[in-house]
Amino acid sequence: MSNSSYKRCTHSCRWGQWKSFYYLVRLCLEKILLQWVLQARTLSGAEAVNALRPFYFAVHPDFFGQHPREREINENSLKRLNGYLENLQKPGFKSFKPTQLTFYVREREQNSSDVQESFSAAGFRAVSFTLHTRDLLSTVLDILNSCSLSTEHVQSVNSQPHKEVKGTFYRPIKWDKTYYSFTGFKDPEEELEQAQRVEITLISWLDNSEKSAVKKLRKSLPLREELNRLKDELTHQLQLSDIRWQRSWGIAHRCSQLHSLSRLAQQSPEVLRNVKGHTVVFTDCSGMSATGHVMLGTMDVHHHWIKIFERLPSYYKLQKKMLLLEDRISHLLGGIQITYIEELQPLLTLEEYYTTLDAFCNRLLNSKLSFHPRSLRGLQMILERYAPNLHELGHFNIPTMCDLATLQWFIITKAQQARENLKRKEELTVVEKELISASTEKFSLKQLYKEPSISHAQMIDCCKRLLEESLPYLQGMHLCISHFYSVLQDGDLCIPWNWKN
């Protein structure tokens, strides 16, 4: 090689090195500038809560009081969302895992095209989205956009520098792969893609969550003992059948409610004599439920509770009228049993349920509907709002305002299948109970239970697969079979019924 050629080659190599160094420095400066821009756009915790008000209004569980399954899903998803937002505000917190959430959102006209949505007939839709952002502003915008909610008010919450920068940085910068090769930084897009490709397995999730769950469980143990003590004392003192809670409140909240009832029992013992033999349910409103349980609204003061206890004798009279009405409807429909299933139906007061029965009975009396006497004995039906259908558990869901001729044909043609479903339900209930007992014993669980939305078949499938595993993590824990992974505030472990191995 000639001397001139060698110089040209050396010059070319040096220029290539300087060119790479130039691009590296430029990318680093751009990243520093972008971080400065993002800091200028950061929301405070209070601003984030304020910006999410339309979202909270659209998914608040109180608006789903007539739909227990949707309400429960929203409650659990809100807990997980709040945990995600809290972690975003912790200084130095870097371990962010993509979090998939599902919410039932009250129906709107606009629908987002880039999220998975399914629409229900009840005036709301299910929206699923995955959070993987690392700052409050991006997270708030992602949530609002996923739920098809306006983001205009977020601009007013944000500062002026954000408005000025918006024209320049209207989209996120996509870094060249060579930048990560030179600097050694992790590519966030690659990390996200990898996290989305890898499904969460039961073993890996338990391994990562055990420490947090054990810590919360130990912290809740004194309160759990206090809760059991209070419940036993009040059940014995007031001679109650049971004490229940409609919603999944935490242990501390439940203890507070029992303390309130205990104080009332000490202050007005004569009033509470009327509650003897009943089940008390803490819920969102006070009164008597369609099943005859005494409901105590958790937001009501003692004065309201006393009025309910004083009115119990009048409720007994209405309850007797309701039972006679159910018998009359049953007679008109060939002996089919009219029932009310708490786990599947909206929470109704005794007055609301009686009004519904009365309207349905009057329609039957005014029609020419005729069933052979006792031809449908052994079958069950509940009154609903939507089209007639046969539930997998064997009962008929009958709308109060359906066409009665169509109703008659539907019940007659589906009667045999309904009997088969009821028989299968009894079999599944026995198998489920045996598997729960076997799983509790094998893993030395303190408690194994399921959410109301989990069917017998789903619970059986879950328990069978659990029994094939060795899971020392579960010893002494409270395990809830649900639709997602979560550690509850009192240390209960929630796993999806269809968990992956």
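The shown structure was predicted, so the numbers you read here are calculated from the model rather than taken from an experiment.
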Measuring only between side-chain heavy atoms, which start at C-beta, is [X] closer than 4.5 Å to [Y]?
| X | Y | result |
| --- | --- | --- |
| K317 | K321 | no |
| F396 | L379 | yes |
| S330 | Q337 | no |
| I336 | Q380 | no |

TODO: Decide yes or no on side-chain contact (heavy atoms from CB on, under 4.5 Å) for L234 and S262, but give the supporting numbers first.
DONE: CA-CA 7 Å; L234 284 169; S262 180; 4.1 Å; yes
Between the main-chain N or O of [Y] and the side-chain N or O of [X], is there a donor-acceptor pair closer than 3.5 Å?
| X | Y | result |
| --- | --- | --- |
| S286 | W305 | no |
| S439 | L435 | yes |
| T356 | E352 | yes |
| T440 | I436 | yes |
| N274 | E310 | no |
| T283 | Q246 | no |
| S367 | L364 | yes |
| R363 | C402 | yes |
| S375 | H372 | yes |
| S204 | T201 | yes |

- [ ] Just say parallel, tilted or perpendicular for the rings of F282 and W245, cut-offs at 30° and 60°.
- [x] parallel
Under 6.0 Å from the [atom1] atom of [X], do we count more than 12 heavy atoms belonging to anything else shown?
| X | atom1 | value |
| --- | --- | --- |
| K216 | NZ | yes |
| R53 | CZ | no |
| E270 | CD | yes |
| R419 | CZ | yes |
| K442 | NZ | yes |

Open item on the list: Quick one, F129 with L101, criterion side-chain contact (heavy atoms from CB on, under 4.5 Å). Give me CA distance, side-chain angles, the key distance, then yes/no.
Closed with: CA-CA 6 Å; F129 54 90; L101 299 172; 4.3 Å; yes
At what distance, to the nearest 0.5 angstrom, does [atom1] of [X] lie from [atom2] of [Y]?
| X | Y | atom1 | atom2 | value |
| --- | --- | --- | --- | --- |
| L144 | T139 | CG | OG1 | 11.0 Å |
| L466 | L202 | CG | CG | 6.5 Å |
| S260 | L230 | OG | CG | 10.5 Å |
| N397 | I341 | CG | CD1 | 7.5 Å |
| Y485 | L493 | OH | CG | 11.0 Å |
| L206 | I495 | CG | CD1 | 7.0 Å |

Those residues that, when tested against [X], pass ring-ring contact (aromatic ring centres under 6.0 Å, His included) (two or more places apart):
| X | result |
| --- | --- |
| W499 | none |
| H304 | none |
| F103 | F55 |

Non-hydrogen atoms of [X] and [Y] that approach each other most closely:
| X | Y | answer |
| --- | --- | --- |
| S486 | R80 | OG-CG, 4.0 Å |
| Q319 | G292 | NE2-CA, 3.4 Å |
| Y104 | N74 | N-OD1, 2.7 Å |
| S268 | I306 | OG-CD1, 4.0 Å |
| Q458 | S455 | OE1-N, 3.0 Å |

Sorted by first residue and then second, give each ring-ring contact (aromatic ring centres under 6.0 Å, His included) pair with at least one member in [range]; sequence neighbours left out.
| range | answer |
| --- | --- |
| residues 322-341 | Y340-Y353 |
| residues 415-471 | none |
| residues 209-240 | none |

TODO: For E210, enumerate each residue passing the salt bridge (Lys or Arg N to Asp or Glu O under 4.0 Å) test, keeping only those at least two apart in sequence or located in another chain.
DONE: none
Open item on the list: Which residues pass the salt bridge (Lys or Arg N to Asp or Glu O under 4.0 Å) test with E326, not counting sequence neighbours?
Closed with: none
Task: side-chain contact (heavy atoms from CB on, under 4.5 Å) between V214 and M477, intermediate numbers included - done: CA-CA 8 Å; V214 170; M477 302 302 292; 4.2 Å; yes
- [ ] Kindly say whether the aromatic ring centers of H278 and F309 come within a distance under 6.0 Å.
- [x] no
- [ ] Could you pull out all residues at least two apart from R328 that satisfy side chain to side chain contact (heavy atoms under 4.5 Å, CB included)?
- [x] C361, L365
- [ ] List for me each residue that meets side chain to side chain contact (heavy atoms under 4.5 Å, CB included) alongside L318, sequence neighbours excluded, and say none if there are none.
- [x] L350, E351, Y354
Task: Side-chain H-bond candidate by donor/acceptor type, T298 with Q257, under 3.5 Å - done: no
TODO: State whether a side-chain donor-acceptor pair under 3.5 Å links Q447 with H478.
DONE: yes
TODO: Would you list the pairs meeting salt bridge (charged side-chain N to carboxylate O under 4.0 Å, His left out) in which at least one residue belongs to residues 464-475, sequence neighbours left out?
DONE: D461-R465
Open item on the list: Between D490 and K215, does the salt bridge (charged side-chain N to carboxylate O under 4.0 Å, His left out) criterion hold? Intermediate values first, please.
Closed with: CA-CA 9 Å; D490 295 306; K215 182 179 179 181; over 6 Å; no
Could [X] and [Y] be called an ion pair, given the rule that one side-chain N must be under 4.0 Å from one carboxylate O?
| X | Y | result |
| --- | --- | --- |
| K450 | D492 | no |
| R254 | E226 | no |
| D242 | K231 | yes |

TODO: Using the side-chain contact (heavy atoms from CB on, under 4.5 Å) rule, take I398 and L407 through it: C-alpha gap first, then chi angles, then the decisive distance, then the call.
DONE: CA-CA 8 Å; I398 304 300; L407 171 64; 3.3 Å; yes
Side-chain donor-acceptor distances from residues 420-428 under 3.5 Å, at least two apart:
{"from": "N421", "atom 1": "ND2", "to": "H391", "atom 2": "O", "distance (Å)": "3.3"}

